[in-house]
Amino acid sequence: MNDFSIPSDVSSQNTMPPAPANFIKPHKRPLSSTTPTVILKDGQLKGVIGASGGWRIIPSNIQVLLNHFIHQMDPFDSVLAPRLYHSLIPNILQYEDWDTVSGYHIEVPLHDRTALENKGHILEPLASGAICQFVVHHLPTRAQGETIVKANLTGVSDPRKEGAPAGY
């Protein structure tokens with residue numbers, strides 16, 4: 001029920017107003033931001049991503065996709081990289097700083113945090129985050145008209161949640 005909005009007359013500068021489209025009503029499902037995403041290039045599968053973690057799902061998915069497809073990080077490092085979260089209200093930039101159950105310490109580097117503070121951001125450490133599952137489809141390069149003999153899939157389960165998918 002926590003994923004629904006509840007009507008409220010209380011207004012605050014530090015909270016988003018409730019969304020009427022997401023009010024609790026019979027036969028309604030809560031909105032979700034799982035954002036399962038399929039990435040294609042030239043009609044070919046390049047990757048699939050999804051996450052859990054409430055409002056942090058969308059920024060997590062975006063950061064993992066940027067890490068891999070723009071910054072050319074390998075799939076595991078793309079998922080393992082520390083993440084930043086900002087909900088706009090309140091004006092606080094949260095950064096990951098936590099030890100996972102699988103033994104990884106995930107923390108935005110000090111030099112990055114210092115640079116963000118120097119730009120005026122108010123930072124707050126966060127001992128949790130969204131959990132991403134990422135699959136990358138590696139197609140071998142080929143000349144036009146050649147048949148692809150073998151393609152590889154790389155699947156990464158986020159170490160933030162024991163490095164294993166919740167379902168099999």
Side-chain angles (χ1 to χ4, degrees), residues 1-6 15-90 92-108 112 124-142 148-168:
M1 297 304 290
N2 201 29
D3 290 335
F4 283 107
S5 293
I6 299 170
T15 60
M16 296 291 285
N22 201 33
F23 286 167
I24 299 171
K25 291 182 182 172
H27 308 290
K28 245 183 130 175
R29 294 183 184 185
L31 295 178
S32 176
S33 52
T34 58
T35 60
T37 305
V38 176
I39 298 94
L40 302 172
K41 181 177 180 182
D42 300 326
Q44 294 290 321
L45 177 68
K46 295 299 284 179
V48 178
I49 191 168
S52 60
W55 71 268
R56 294 183 184 99
I57 293 170
I58 294 171
S60 290
N61 280 348
I62 291 169
Q63 289 176 71
V64 170
L65 291 173
L66 289 172
N67 287 342
H68 180 70
F69 291 109
I70 303 300
H71 300 295
Q72 302 299 305
M73 294 168 68
D74 69 67
F76 181 75
D77 288 338
S78 297
V79 170
L80 183 60
R83 302 181 193 132
L84 299 164
Y85 303 100
H86 201 306
S87 62
L88 300 180
I89 299 174
I92 295 173
L93 179 62
Q94 296 178 320
Y95 66 92
E96 289 185 325
D97 180 7
W98 59 311
D99 294 310
T100 69
V101 292
S102 48
Y104 289 94
H105 178 72
I106 298 172
E107 182 178 13
V108 173
D112 290 345
E124 179 179 276
L126 180 66
S128 66
I131 310 300
C132 288
Q133 307 298 319
F134 187 36
V135 177
V136 178
H137 190 212
H138 306 278
L139 291 172
T141 56
R142 61 184 168 105
I148 295 177
V149 178
K150 183 179 178 185
N152 294 316
L153 291 174
T154 301
V156 178
S157 289
D158 204 324
R160 290 163 179 81
K161 189 178 181 181
E162 300 183 37
Y168 300 96

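In what follows, every heavy atom counts, from backbone to side chain, and hydrogens, waters and symmetry copies are set aside.
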Novice: Which one of P75, S78, P59 satisfies the side-chain contact (heavy atoms from CB on, under 4.5 Å) criterion with V64?
Specialist: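 Answer to the side-chain contact (heavy atoms from CB on, under 4.5 Å) test with V64 among P75, S78, P59: S78.
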Novice: For a quick test of reading the model, state the closest non-hydrogen atom pair linking H137 to L45 and the distance between them.
Specialist: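 Scanning both residues, the minimum pair turns out to be ND1-O, 3.0 Å.
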Novice: Could you tell me which non-hydrogen atom of Q133 sits nearest to which non-hydrogen atom of S157, and how far apart they are?
Specialist: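 Shortest heavy-atom contact: OE1-OG, 2.8 Å.
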Novice: How close do P159 and F76 get, heavy atom to heavy atom, and via which atoms?
Specialist: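 Shortest heavy-atom separation between P159 and F76 comes out as CG-CE1, 3.7 Å.
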Novice: Looking at every heavy atom in both G129 and W98, which two are closest together, and how far apart are they?
Specialist: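 The answer is N-CZ2, 3.9 Å.
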Novice: So, using salt bridge (Lys or Arg N to Asp or Glu O under 4.0 Å) as the criterion, who are the partners of E107 when residues are at least two apart?
Specialist: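 E107 satisfies salt bridge (Lys or Arg N to Asp or Glu O under 4.0 Å) with R113 once adjacent residues are dropped.
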Novice: How many angstroms lie between atom CD1 of I106 and atom CG of L126, to the nearest 0.5 angstrom?
Specialist: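 Here the rounded value is 11.0 Å.
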Novice: Minimum heavy-atom separation for T154 and H138, please, with both atom names.
Specialist: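 Looking at all heavy atoms of both residues, the closest pair is OG1-NE2, 3.0 Å.
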Novice: For the CG atom of N67 and the CG atom of D74, what is their distance to the nearest 0.5 Å?
Specialist: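 Nearest 0.5 Å value for the CG-CG distance: 10.0 Å.
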Novice: What is the distance from atom CG of L80 to atom SG of C132, rounded to the nearest 0.5 Å?
Specialist: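 Here the rounded value is 11.5 Å.
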Novice: Run the salt bridge (Lys or Arg N to Asp or Glu O under 4.0 Å) test against R83 and tell me which residues pass, sequence neighbours left out.
Specialist: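 Per chain and number, R83 pairs via salt bridge (Lys or Arg N to Asp or Glu O under 4.0 Å) with D158.
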Novice: Within the side chain of H68, is there an N or O that forms a donor-acceptor pair under 3.5 Å with the backbone of M73?
Specialist: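 Looks like yes, one N/O pair under 3.5 Å.
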Novice: Closest heavy-atom contact between V79 and R160?
Specialist: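 Closest pair (atom of V79, atom of R160, distance): O-NH1, 2.7 Å.
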Novice: Hey, what do you get for CG (L88) to CG (L93), rounding to the nearest 0.5 Å?
Specialist: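 L88 atom CG to L93 atom CG measures 10.5 Å (nearest 0.5 Å).
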Novice: Measuring from L84:CG to D112:CG, what's the distance to the nearest 0.5 Å?
Specialist: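 Answer for the CG-CG pair, L84 versus D112, is 8.0 Å.
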Novice: To the nearest 0.5 Å, what is the distance between CD1 (I39) and CZ (F69)?
Specialist: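 It is 5.0 Å, given to the nearest 0.5 Å.
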Novice: Apply the test side chain to side chain contact (heavy atoms under 4.5 Å, CB included) to residues Y85 and E96: give CA-CA distance (whole Å), side-chain angles for both, the deciding distance (0.1 Å), then the verdict.
Specialist: CA-CA 8 Å; Y85 303 100; E96 289 185 325; 3.3 Å; yes
Novice: Donor-acceptor pairs under 3.5 Å, side chain of residues 46-56 to any protein atom, not counting sequence neighbours: which ones?
Specialist:
from	atom 1	to	atom 2	distance (Å)
R56	NH2	Q94	OE1	3.3

